[in-house]
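Just so we're on the same page: letters track the sequence lines, and every chain starts at 1. Values below: every heavy atom of this structure, side chains too, minus hydrogens, waters and symmetry copies.
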Amino acid sequence: MERWGGALKEQLQGNFELALRAVLEAAGDGGEMPEFALEPARQAEHGDFACNAAMVIAKRLRKPPREIANDLIAHLKNQDATIQRLEVAGPGFVNVWLGKESWHGILRQVIEQGVRYGCSESGQQRPIQVEFVSANPTGPLTLGHGRQCVLGDTISRLLGAVGYEVTREYYFNNGGRQMRVLGDSVKARYLEALGLAAPPSESALTDPDSPWPESIDGLPVVFPRDGYQGGYIEDLARGLLDEHGDGLVDGARDEIFKETAEREIFREIRATLNDLGVHFDVYSNETDLYENGKIEEALADLRKMDLVYEKDGAVWFRATRFQLDRDRVLVKSSGDPTYLLPDIAYHREKFRRGFESVVDIQGADHIEQFPFVKKAAEALGCPEGQIELVMHQFVTLTQGGDQVKQSTRRATYVTVDELLREVGVDVFRFFMVQRRAESQLDFDLDLAKETDWKKNPAYYVQYAHARTHGIERKAREQGVEMPDANTLDASQLTLPEEIEILKKISEFPEMVSQAAETREPHHLAYYARELAGLWNPYVQDGSRHRILGDDATLTNARLGLVLGVRIVLANTLSLLGITAPETM
RNA sequence: GCCCCGGUAGCUCAGUUGGAUAGAGCAGCUGCCUUCUAAGCAGCGGGUCGGGGGUUCGAUUCCUCCCCGGGGCGCCA
């Protein structure tokens, strides 16, 4: 179980620092305050918090850590009334027990702050950009894109919660070869539909080593060798056929194939994003950067700094000057830029537009290019260290114990749309954000389709939230009012499981800020599961502790707990972009 | 060959700047219960944290060398 601090920890931390300072001064050491850890104890026998300060400074003071721990305790004793007991343990830990009443105050805080509980202002409204998905409109969004959508959107939500001014941005390369191949693919299918071209054989498509046929049965094969094979290409061709008949055969208006494909596929992508609950603030693209001269400008400036040179008719970026393993081509001998140059210009524009830092979210397949973009952009004046990368590994899909292979260019991928139809957006988002980005993610379709709330973690969390409303409905039937911040008296919450829940609730703000600062949204999913894992059994085991009972004061306290759990679960689900239902 | 990311329970994975006896879910096993909405609740078993070496009071965590899996090493994006 992951553990985080809370308001009580911060207070204790201050007191430990005072005690540590006193111990240092007593030993004639006026040096710097060392880094030490004060953590929620992992085991109940170790109290509420454990501190390693004595061990950290043992060498510096040349004293046994347990002795130092005793000195710390002597200084701590009269400092903090909430401390109930202090103990030296193990190699020199100081374990701290707080009175149960210390945990009661958190509920009032949660209820007062409501949707703001967990938020902070540490971002100081600084403008930050999160760029993600950025898939070229060559086909529907697939599993990997889906993970990136959820990662990027959840990170954006986290950054917003800790006070950054977040812009979600989608950038795509519509100027390059990929889009030409897309247009050519559509045209080929169009000609095939008219009987003017032959589709390549199945074996030619699937086997990269087989010879590519020039013609079949007297008809030319025009489909590109690296063309897009999905069925949507044929749909696009059929649409053009319906609209224009054979009027596009002569080649005079070939750009219509590419333009139509880009427009229609992008429409589909935006619909999918909408279904995912992901809304971009800005869409930007490569051709705009060409049209307003930003790409030429970037190249000219790199040239001024002697960071480019000519070789073999191409223009190269001197990446080796920045300790990178090789130089890279910016402009091909054909005169066309590679994707790298627009990317560099684009990153420079991000900062010119006023962002103080940017987060790029990318799949493992083009991790390699990132250092080049970063170094070049920094050379062009972007602030060092403010271009950040969140890299994520691939997604596999497991169904019935078998992994379904994902192949990009062939039509054997699973789309986000298909998965959304099967499991719904809430489950999809929960599963996609469950793992650290750097870990491969195995999407367990059987578990995702499981509707039993106990088994499916997404439903387990949602049901925990719905239960808080169920209890409120029941209370209202019985004429019992929910407490508010003024009428709440939490002092009767004394059961160990109640204190556990209060502790978990108090950890929420630190968990949020950590997840935001480290760009690790998976902590949200774990936290949600853990809080629900405390709450569901508590509610279920009503034989030991009814929430709605005869004792009005106790009922008031427990209903306060209901509210606290509801608010924190709702806030967690909101950060995850998942609905918090009142009934299920 | 080189670079990046992983390797933790049968499976999928957490483990916060190095901390005490390494955790969760699912699967398995055993009891109990019949609910403030749904078969639940409690407990049990299960590990050389890929392997060797190093750093230190202490290493799953840091360094190094191997092994395995994935990705990348284009004038493709």
Side-chain angles (χ1 to χ4, degrees), chain A residues 1-5 35-37 39-43 45-46 50 52 55-56 58-59 64-65 89-93 95 134-136 138 172-173 176-179 181 226 311-316 325-326 328-334 336-340 343 363-371 391-394 396 398 401 434-444 446-447 450 452-457 460 463 466-468 470-475 477-478 510-511 514-515 518 520 522-523 525-526 529-530 533 536-537 539-544 546-549 558 562 583-584:
Chain A
M1 177 171 315
E2 300 186 33
R3 292 186 176 269
W4 314 84
E35 296 258 324
F36 64 90
E39 298 176 321
R42 289 164 198 268
Q43 295 165 56
E45 310 90 80
H46 296 157
N52 69 350
M55 278 129 57
V56 171
K59 186 176 256 182
F93 289 98
N95 291 338
S134 296
N136 290 344
T138 57
F172 57 99
N173 299 93
R177 192 180 144 280
Q178 259 198 5
M179 297 305 292
V181 173
D226 52 356
K311 194 181 87 180
D312 304 332
V315 181
W316 295 71
D325 57 349
R326 66 188 181 91
R328 297 285 301 255
V329 171
L330 294 177
V331 184
K332 301 182 238 178
S333 52
S334 66
D336 295 323
T338 62
Y339 62 91
L340 201 57
D343 243 28
D365 53 341
H366 37 110
I367 169 83
E368 202 254 353
Q369 80 172 66
F370 180 79
M391 184 217 60
H392 66 89
Q393 290 290 335
F394 291 159
T396 57
T398 297
Q434 256 184 321
R435 307 295 177 219
R436 296 158 64 221
E438 316 86 75
S439 286
Q440 284 189 31
L441 188 153
D442 185 50
F443 196 104
D444 184 342
D446 297 322
L447 186 59
E450 179 62 68
D452 183 345
W453 64 270
K454 295 175 304 301
K455 293 188 176 164
N456 189 321
Y460 188 84
Y463 183 50
R467 272 182 150 158
T468 67
I471 293 163
E472 175 170 348
R473 284 189 293 273
K474 189 93 175 182
E477 279 172 28
Q478 300 178 6
E510 184 169 323
M511 185 277 295
Q514 277 268 354
T518 58
E520 291 182 333
H522 70 278
H523 293 302
Y526 276 88
R529 183 61 183 70
E530 283 167 6
N536 278 328
V539 175
Q540 189 74 33
D541 198 9
S543 55
R544 287 183 55 209
R546 301 290 296 181
I547 291 169
L548 302 171
R558 287 179 173 165
V562 169
T583 58
M584 284 180 77

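The residue A:Ala50 sits close to a base: some heavy atom pair falls under 4.0 Å. Note on A:Glu35: a base of the nucleic acid sits closer than 4.0 angstrom, heavy atoms only. Within the 4.0 angstrom heavy-atom criterion, no nucleotide atom of any strand lies near A:Ala515.
In the model, A:Thr396 has a side-chain atom that pairs as donor or acceptor with a side-chain atom of A:Asp442 under 3.5 Å.
Looking at the side chain of A:Asp442, the nearest of the listed nucleotides B:G19, B:C13, B:G70 is B:C13. Ranking B:U37, B:G15, B:U16 by closeness to the A:Met584 side chain, first place goes to B:U37. Here the side chain of A:Trp316 is nearest to one of B:C75, B:G70, B:C36, namely B:C75. The listed nucleotides are B:U12, B:G19, B:G74; the one nearest the side chain of A:Met55 is B:G19. The listed nucleotides are B:C75, B:A77, B:C13; the one nearest the side chain of A:Tyr526 is B:C13. Nearest to the side-chain atoms of A:Asn52 among the listed nucleotides B:G19, B:C75, B:C13 stands B:G19. Looking at the side chain of A:Arg326, the nearest of the listed nucleotides B:C76, B:C4, B:G74 is B:G74.
Both distances falling under 3.5 Å, in either a Watson-Crick or a G-U wobble arrangement, place B:C2 opposite B:G72. Under the Watson-Crick and G-U wobble criteria, each requiring two contacts below 3.5 Å, nucleotide B:C41 is paired to B:G31. Summarising the base pairing, B:U17 is matched to no nucleotide, lacking a Watson-Crick or G-U wobble pair whose two defining distances lie under 3.5 Å.
Residue A:Lys455 has a polar side-chain atom (N or O) positioned under 4.0 Å from OP1 or OP2 of B:A27. Phosphate proximity of B:U16 to A:Thr518: absent, as no side-chain N or O sits under 4.0 Å from OP1 or OP2. OP1 or OP2 of B:C4 has not a single side-chain nitrogen or oxygen of A:His366 nearer than 4.0 Å. Within the 4.0 Å cut-off from OP1 or OP2 of B:U56, not a single side-chain nitrogen or oxygen of A:Lys59 is found. Checking the phosphate oxygens (OP1, OP2) of B:G15, a side-chain nitrogen or oxygen of A:Arg436 falls inside 4.0 Å. Side-chain N/O atoms of A:Lys332 include none lying less than 4.0 angstrom from OP1 or OP2 on B:G74. Taking side-chain N and O atoms only, A:Arg546 has a distance below 4.0 Å to OP1 or OP2 of B:C36.
Within a 6.0 Å radius of CD in A:Gln478, more than 12 heavy atoms belonging to other residues, nucleotides or ligands are found.
B:C49 and B:G10 have their P atoms separated by 13 Å, with the value rounded to a whole Å. Nucleotides B:C26 and B:G19 are separated by 30 Å at their C1' atoms, to the nearest Å.
If you check distances only, the side chain of A:Asn95 does reach the base of B:A20 with a donor-acceptor pair under 3.5 Å. Judged by distance alone with a 3.5 Å cut-off, no donor-acceptor contact links the side chain of A:Thr338 to the base of B:C75. In this model, no side-chain donor or acceptor of A:Asp365 finds a partner on the base of B:G72 within 3.5 Å. Looking at A:Tyr463, its side chain comes within 3.5 Å of the base of B:A38 through a donor and an acceptor atom.
By the criterion of a centre-to-centre distance under 5.5 Å and near-parallel planes under 30°, the ring of A:His46 forms a stack with the base of B:A20. Ring-to-base geometry places A:Phe93 in a stacked arrangement with B:A20 (centre distance under 5.5 Å, plane angle under 30°).
Summarising the geometry, atom CG belonging to A:Asp336 is positioned 11.0 Å from atom CZ belonging to A:Arg177; distances are rounded to the nearest 0.5 Å.
When the C1' atom of B:C13 is taken as reference, atom CD of A:Gln434 falls 8 Å away, rounded to whole Å. The CD1-C1' distance, from A:Ile471 to B:U37, rounds to 11 Å in whole Å.
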